[in-house]
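For reference, the structure discussed in these notes is given below.
Read the numbers this way: they start at 1 and go in the same order the structure lists the ligands and their atoms. Remember, predicted model here, so these are calculated numbers, not experimental data.
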Amino acid sequence: MQNFDYQTPTRLIFGKDAIHSLPEVMSHYGKRVLLTYGGGSIKKIGLYAKVKELLADKEIYELPGIEPNPKYNPSVLEGVRICKEKHIDVILAVGGGSVLDCTKAIAAGAKYDGEPWDLISGKVPTKEALPFIDILTLAATGSEYDSGAVISRTETNDKVGYESPSLFPAVSILDPTYTFTVSARQTAAGTADAMNHVIEQYFTGDTTLLNDGFCESELRSLMANVKVALAHPDDYRARAELMLDCTYGCNGILSLGNSASGWPCHAMEHALSAYYGITHGVGLAILTPRWMKHILNEKTLPRFVKYGINVFGIDKNLPEKEIAEKAIDATYAFFESIGLPMHLKEVGIDESRLKEMAHHVAVNEGVDHAWAPLREEDVYEIYQASL
Ligand code: NZQ
Ligand code: ZN
């Protein structure tokens, strides 16, 4: 078992009507608030009006229009500009992972004198950030409970993930009822994203029984609850379980003591989103079974066997290789069953830039991880198999 040093400072306020805590939460900060949000879903569900009503005593500035796969230019730069010019005390992010991630980059950029990209690219370590709170409206990324942010820079085809302890939200308000309106496609994509977060941590060399159990249970919960949520979008129980599964998925708690993972599917997916702007969870659903097939060998076989038996209930008396192959097929079939496209061609990606993307991944993402190392050729083969 590996050593670790772990702290998650984020306060979680979970459940129906959790928004009633907002005035108390915000009372710990100053008067000047930057409200960040996306393309308008929060207005449709009445959340924007509710936030304005609850924060009537605050001086609110707004940054609307944050896009999925949030952009450095204009969103991060504009947010940093407002924070500096208006001397913002605290940022309130209302939306999905893209709004949260953009807000994290803004919060850090606001406390930095140079170009915010220095922080995102890792050239300069992120040491501090403005405090920020979020009200989550989409279960997927786990950004509400982790210290990472992923920002895209269109002109260089970069989609960069970065981390710092100062990027944890101070408070995350999680009311599953806000996710009732998330479309079937985004609900499925969010689940695929969270499933992949678990898979990235599960498929590594040294794991514990405890963590394996956490991960297997998360995967079973995600798979069971997304089916209910797709059939009945306003099923509170299913939306609530999905939300908490996603919240736990990405902050490292599922792999404390495990050997590190290289998060290879994320590395490969970030290039797809950067070059083609596709939805992150969709890219992951397409890549994951192909990556699994690619890395299946004598060394990795026991992990696939355990995964197949404990997550999909495959007969443990079958030959090990057969269990592993069935597990990979079941992964594919599950993503397909929740309505996700399973080929790159279906999301507008053809052969033309696969080599370039594989090179980009190999150079920028470090996928040469010890347990199941990938070289540039491997990434290219996985992309090709995903067409
Ligand atoms: O922009 P609005 O109008 O709000 O619409 C959004 C958006 O179009 C919509 N939506 C959100 N809440 C809704 C809703 N529609 C109806 N009802 C609601 N209640 O959903 C669309 C997608 O939103 P987005 O925030 O992009 O989705 P998601 O939460 O999946 O975030 C994806 C981003 O997070 C990054 C991804 O790479 C991607 O950029 N990730 C962040 C991570 C992190 N910080 O730890 C880890 C992940 O692996 C991931 O990389
Ligand atoms: Zn992800």
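- If you look at His359 and Tyr380, their ring centroids are not closer than 6.0 Å.
- If you look at Glu67 next to ligand 1, there are no close heavy atoms at all, none under 4.0 Å.
- Among the atoms of Gly38, none of the N or O lies under 3.5 angstrom from an N or O of ligand 1.
- In this model, a donor atom of one side chain and an acceptor atom of the other lie less than 3.5 Å apart for His294 and Asp378.
- Looking only at protein heavy atoms, the nearest one to atom 25 (O) of ligand 1 is Ser98 N, 2.9 Å.
- If you check each of Asn196, Thr141, Val94 against atom 42 (C) of ligand 1, the one with the closest non-hydrogen atom is Thr141.
- Taking distance alone, with nitrogen or oxygen atoms compared against 3.5 Å, Lys104 stays at or beyond that limit from ligand 1.
- Side-chain atoms of Ser164 and Lys104 form no donor-acceptor pair, as typed in the model, at a separation below 3.5 Å.
- The side chain to side chain donor-acceptor pair (under 3.5 Å) test with Asn196 singles out one residue from His280, Gln201, His266, and that residue is His266.
- When only interatomic distances are considered, the shortest N/O to N/O separation between Gly97 and ligand 1 falls below 3.5 Å.
- Of all protein heavy atoms, the one closest to atom 47 (C) of ligand 1 is His197 NE2, 3.4 Å.
- At a 3.5 angstrom cut-off on N or O pairs, Gly40 counts as close to ligand 1.
- Remark: the Asp101 side chain and the Tyr162 side chain contain no N/O donor-acceptor pair separated by less than 3.5 Å.
- Here is the list of ligand 1 atoms found below 4.0 Å of a heavy atom in His270: 50 (O).
- Considering backbone and side-chain atoms together, Asp146 places an N or O closer than 3.5 Å to an N or O of ligand 1.
- Looking from atom 19 (N) of ligand 1 to the surrounding protein, the closest heavy atom is Tyr178 O, 2.8 Å.
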Take Ser221 and Asn225 through the side-chain hydrogen bond (donor to acceptor under 3.5 Å, both in side chains) test and state the conclusion after the steps.
CA-CA 6 Å; Ser221 171; Asn225 284 297; 3.1 Å; yes

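- Using cut-offs of 30° and 60° on the angle between ring planes, the pair Phe203 and Phe304 is tilted.
- Under a 4.0 Å criterion applied to the non-hydrogen atoms of Asp193, ligand 1 contributes the atoms 47 (C), 48 (O).
- Among all protein heavy atoms, the one lying closest to atom 35 (C) of ligand 1 is Asp101 OD2, 3.5 Å.
- Hydrophobic clustering (ILVMFWY, side-chain heavy atoms < 4.5 Å, transitive): Val99 and Val150 are in distinct clusters.
- Near Asn69, with a cut-off below 4.0 Å to any heavy atom, the atoms of ligand 1 are 38 (C), 39 (O).
- Protein heavy atom in closest approach to atom 30 (O) of ligand 1: Ala140 CB, 3.6 Å.
- Near Ser143, meaning under 4.0 Å from one of its heavy atoms, ligand 1 places the atoms 43 (C), 44 (N).
- In His280, the N, O or S atom that comes nearest to the Zn ion (ligand 2) is NE2.
- Residue contacts with ligand 1: Glu269 is excluded, as none of its non-hydrogen atoms falls under 4.0 Å.
- Of the N or O atoms in Val150, none lie within a sub-3.5 Å distance of an N or O in ligand 1.
- Residues Ser166 and Glu128 have side chains that never bring a donor and an acceptor to within less than 3.5 angstrom of each other.
- Of the protein's non-hydrogen atoms, the one nearest atom 7 (C) of ligand 1 is Pro68 CG, 3.9 Å.
- Any N or O atom pair closer than 3.5 Å counts here, and Ser183 shares no such pair with ligand 1.
- Counting all heavy atoms, side chain and backbone alike, Ala327 lies closest to Ile314 at N-CD1, 3.4 Å.
- Taking distance alone, with nitrogen or oxygen atoms compared against 3.5 Å, Lys159 approaches ligand 1 more closely than that limit.
- When the N, O or S atoms of Asp193 are ranked by distance to the Zn ion (ligand 2), OD1 comes first.
- Per-residue contacts place Thr181 under 4.0 angstrom from the following atoms of ligand 1 (heavy atoms of the residue considered): 16 (C), 17 (N), 18 (C), 19 (N).
- Shortest contact from atom 23 (O) of ligand 1 to any protein heavy atom: Leu138 CD1, 3.5 Å.
- Under the 3.5 Å distance criterion, with hydrogens and angles disregarded, no donor-acceptor pair is assigned to the side chains of Thr126 and Tyr112.
- Among protein heavy atoms, the minimum distance from atom 4 (O) of ligand 1 is reached at Ser41 OG, 2.7 Å.
- Expressed to the nearest 0.5 Å, how far SG of Cys265 lies from CD1 of Ile295 amounts to 8.0 Å.
- Of the inter-residue distances, the one linking Phe168 atom CZ with Thr8 atom OG1 reads 4.0 Å to the nearest 0.5 angstrom.
- The atoms of ligand 1 that sit less than 4.0 Å from any heavy atom of Pro70 are 39 (O).
- Under the 4.0 angstrom criterion for non-hydrogen atoms, Gly190 is not in contact with ligand 1.
- Listed by atom number, the atoms of ligand 1 under 4.0 Å from Gly148 heavy atoms are 44 (N).
- Side chains of Thr10 and Ser172: a donor-acceptor N/O pair is absent below 3.5 angstrom, by distance only.
- Using a 3.5 Å distance cut-off with no hydrogens or angles, the side chains of Glu155 and Tyr72 do not pair a donor with an acceptor.
- With no hydrogens or angles considered, a side-chain donor-acceptor pair links Arg239 and Thr187 at under 3.5 Å.
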